[in-house]
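Working notes for the structure below.
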Amino acid sequence: MANQWKKLKQPSSLSLSSSCLFLSLLSLASLFLFFSIFNTSHQTNSVKNKVLYSKSCIFTDGQWIYDPSINSPRYDNSCKEIYKGWSCIGSKKSNALDIVKWRWKPYQCDLPQFDPLSFLHRFRDTNIGFVGDSLNRNMFVSLFCTLKQASGDVKKWRPAGADRGFTFLKYNLTISYHRTNLLARYGRWSANANGGVLESLGYKEGYRVDVDVPEGTWAEAPSFHDILIFNTGHWWWAPSKFDPVKSPMLFFEKGDPVVPPLSPDRGLDMVLKHMIAYVDKRMRPATTVFMRTQSPRHFEGGDWDQGGSCQRSQPLSPQEVEELFSLKNNGTNVEVRLVNQHLYRAFEGTKFHILDISHMSEFRADAHPSTAGGKKHDDCMHWCLPGLTDIWNDLFVAYLSNVADRT
């Protein structure tokens with residue numbers, strides 16, 4: 001009986017084999033199901049990314065949509081890098097919190113808000129430089145304040161001649177701003193007592209602009225940064241800075257005056273040509289370079305020194321945009337499209353990528369500091385922070401992904 005009982009307790013080899021086979025098949029089925037789900041999810045994400053950053057999607061072709069579900073801005077006025085005149089929340093501008101509730105929606109895809117933590121991880125050990133006038137500083141501050149929300153371990157320093165800069169220590173990611181108004185070196189010029197070509201033409205004073213010499217603030221930037229975002233434009237159409245009669249721009253090349261003297265727009269073309277050659281020669285092999293298009297102004301009723309203002313509380317309609325910016329009308333704010341004509345012509349066929357923020361920004365007459373800027377006149381040029389330049393950075397990150405897909 002004991003032996004019979006022992007035999008009953010022991011499973012047969014056939015039963016054991018069947019059990020093992022069943023368990024093996026069950027395990028294989030589970031693994032197949034897991035990988036099917038993973039692959040489906042991975043493929044879905046890949047397809048989504050391809051749609052989001054599709055080469056056929058024109059990010060600048062879209063519309064602004066009011067989204068009341070956006071309850072709070074990405075950062076607030078406690079970010080100390082925000083220039084006081086741009087802190088519309090701190091200055092209690094009436095629509096300061098409403099500005100960020102407008103979302104840009106391209107017609108053919110989506111432009112999501114970039115994730116600062118993912119950005120820090122992705123661009124670990126990277127140097128990013130903004131080179132240009134105060135509108136590029138506007139964009140630089142927006143990026144810094146957004147990233148600082150995700151990582152507060154920051155060290156302030158100014159690499160490669162930068163006006164300001166920061167390193168996010170945990171990620172060794174450095175972002176900096178190199179201030180330059182014209183890209184080229186310039187300074188006051190006065191007639192020489194011994195005479196010269198310009199003196200013989202009747203010039204007594206003005207500004208000397210060396211078209212082939214980069215301003216020292218950014219001369220070392222191409223050999224330091226992995227990603228560069230340039231801009232220029234506002235100062236080229238600024239009679240208050242460069243009066244065509246009292247203090248004209250006088251262009252020099254290879255140390256000699258360009259004769260006959262050039263108009264500012266022709267001078268801009270020469271500066272861009274030399275700037276492209278300079279960057280191309282000195283940048284690192286894998287550096288990604290952008291030229292940001294012109295940021296629009298929204299003065300209505302006159303220019304900044306003629307009582308012009310920007311009192312809008314919501315974006316313009318397409319018809320209003322055309323009335324304000326059409327080259328045919330030759331109005332106060334025509335500068336944006338004039339400058340862009342020069343930029344697109346200069347950078348076609350170069351290694352530079354165009355970061356086009358102009359048309360989407362033309363609608364946003366509501367997003368300037370206006371009277372909250374603290375100036376004697378309305379500030380209809382710079383942008384409130386938080387505000388529109390946050391969307392520029394969403395576009396910047398999307399363009400970076402687009403560039404990466406092509407390489």
Side-chain angles (χ1 to χ4, degrees), residues 81 114 116 118-148 150-151 153-185 213-233 271-272 274-293 295 343 346-347 350-357 389 392-404 406-407:
E81 192 61 15
F114 85 91
S118 295
F119 185 92
L120 288 165
H121 279 286
R122 179 183 173 191
F123 294 101
R124 185 187 297 273
D125 302 322
T126 302
N127 301 322
I128 301 175
F130 291 81
V131 179
D133 57 32
S134 56
L135 274 301
N136 243 17
R137 179 182 171 185
N138 220 164
M139 185 180 177
F140 158 78
V141 173
S142 164
L143 180 62
F144 169 74
C145 291
T146 303
L147 295 179
K148 196 170 184 294
S151 178
D153 191 12
V154 179
K155 178 183 178 182
K156 182 184 292 188
W157 75 304
R158 298 185 294 175
D163 181 69
R164 57 213 319 109
F166 301 90
T167 296
F168 292 86
L169 298 174
K170 183 178 177 181
Y171 304 93
N172 192 32
L173 167 64
T174 295
I175 65 170
S176 62
Y177 165 63
H178 301 256
R179 179 176 176 79
T180 175
N181 299 323
L182 304 178
L183 293 178
R185 184 180 70 188
V213 182
E215 194 160 15
T217 54
W218 71 270
E220 300 301 321
S223 59
F224 177 82
H225 291 292
D226 305 292
I227 300 170
L228 283 162
I229 308 97
F230 288 87
N231 97 292
T232 192
V271 167
L272 292 176
H274 285 290
M275 170 260 193
I276 291 167
Y278 180 87
V279 173
D280 188 49
K281 183 178 180 180
R282 286 165 175 78
M283 71 179 189
R284 297 178 178 184
T287 297
T288 302
V289 285
F290 291 94
M291 170 53 75
R292 179 179 61 71
T293 59
S295 173
L343 297 182
F347 290 95
T350 71
K351 293 180 180 179
F352 281 74
H353 304 279
I354 296 292
L355 181 60
D356 190 347
I357 55 84
T389 50
W392 291 4
N393 281 311
D394 291 336
L395 193 67
F396 168 54
V397 175
Y399 272 50
L400 278 176
S401 297
N402 221 349
V403 170
R406 295 175 187 174
T407 56

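Just so you know, these numbers come straight off a predicted model, no measurement behind them. The basis for the numbers below is simple: all heavy atoms, side chains too, and nothing from hydrogens, waters or symmetry mates.
- Taking the salt bridge (charged side-chain N to carboxylate O under 4.0 Å, His left out) definition, one finds that R185 meets it with D210, sequence neighbours left out.
- The OG atom of S134 lies 8.5 Å from the CG atom of N231; values are rounded to the nearest 0.5 Å.
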Problem set entry | Worked check of side chain to side chain contact (heavy atoms under 4.5 Å, CB included) between L272 and L343 | CA-CA 8 Å; L272 292 176; L343 297 182; 3.9 Å; yes

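- Remark: F290 pairs with H353, F396 by the ring pair (Phe, Tyr, Trp, His ring centres under 6.0 Å) rule, at least two apart or across chains.
- For the atom pair N136 CG and D163 CG, the distance stands at 12.0 Å (nearest 0.5 Å).
- Between T217 and T180, the side chains place no donor N or O within less than 3.5 Å of an acceptor N or O (distance only, hydrogens not considered).
- Judged by distance alone, the side chains of H178 and S176 do bring a donor and an acceptor atom under 3.5 Å apart.
- In this structure, CE in M275 is found 11.0 Å from OH in Y278, a value given to the nearest 0.5 Å.
- Checked against a 6.0 Å centroid threshold, the rings of W218 and F130 do not count as neighbours.
- With sequence neighbours left out, the ring pair (Phe, Tyr, Trp, His ring centres under 6.0 Å) criterion links F119 to F114, F123.
- With sequence neighbours left out, the side-chain hydrogen bond (donor to acceptor under 3.5 Å, both in side chains) criterion links N138 to no other residue.
- Evaluation of the side-chain hydrogen bond (donor to acceptor under 3.5 Å, both in side chains) rule for E81 yields R164 as partners, not counting sequence neighbours.
- Partners of K170 by side chain to side chain contact (heavy atoms under 4.5 Å, CB included), not counting sequence neighbours: none found.
- In this view, D153 satisfies the side-chain hydrogen bond (donor to acceptor under 3.5 Å, both in side chains) rule with no residue, not counting sequence neighbours.
- Contact of the L228 side chain with the T288 side chain is not registered, since no non-hydrogen atoms from C-beta on lie closer than 4.5 Å.
- Here the side chains of V131 and I229 are not in contact, with every heavy-atom distance at 4.5 Å or above.
- Separation of atoms OG1 (T174) and CD1 (I128) is listed at 9.0 Å; rounding is to 0.5 Å.
- Under the rule for a ring pair (Phe, Tyr, Trp, His ring centres under 6.0 Å), the partners of F166 that lie at least two apart in sequence or sit in another chain are F144.
- Side chains of T287 and I227 form no contact here, defined as non-hydrogen atoms less than 4.5 Å apart.
- The closest donor-acceptor contact from the side chain of Y177 to the backbone of G132 lies under 3.5 Å.
- Taking 4.5 Å as the limit, every side-chain heavy atom of S118 sits out of range of all side-chain heavy atoms of H121.
- Pairs passing the salt bridge (Lys or Arg N to Asp or Glu O under 4.0 Å) check and including a residue from residues 278-292, sequence neighbours excluded, read D226-R284, D280-K351.
- Counting heavy atoms from C-beta on, the side chains of V289 and V279 come closer than 4.5 Å.
- Side chain of T232 to main chain of N181: a donor-acceptor pair is present (N/O by atom type, distance under 3.5 Å, no hydrogens or angles).
- Between P159 and G165, the closest heavy-atom pair is CD-CA, 4.5 Å.
- Applying the ring pair (Phe, Tyr, Trp, His ring centres under 6.0 Å) criterion to F224, with sequence neighbours excluded, gives no partner residue.
- Take D394 and apply the salt bridge (charged side-chain N to carboxylate O under 4.0 Å, His left out) test, not counting sequence neighbours, and it matches R74.
- Within 6.0 Å of CD in E215 there are more than 12 heavy atoms belonging to other residues, nucleotides or ligands.
- In this structure D133 satisfies the salt bridge (charged side-chain N to carboxylate O under 4.0 Å, His left out) test with no other residue, sequence neighbours excluded.
- Side chain of N393 to backbone of M139: a donor-acceptor contact under 3.5 angstrom is found.
- At least one donor-acceptor pair closer than 3.5 Å links the side chain of T126 to the backbone N or O of R124.
- A side-chain donor-acceptor contact under 3.5 Å links T167 and W157.
- Rounded to the nearest 0.5 angstrom, T350 OG1 and I276 CD1 are separated by 5.0 Å.
- Considering CG of L120 and CG of L173, their distance stands at 6.0 Å, rounded to 0.5 Å.
- Using a 4.5 Å heavy-atom cutoff, the side chains of S142 and R137 are not in contact.
- Side-chain atoms of S151 never come within 3.5 Å of backbone atoms of K148 as a donor-acceptor pair (strictly under, hydrogens ignored).
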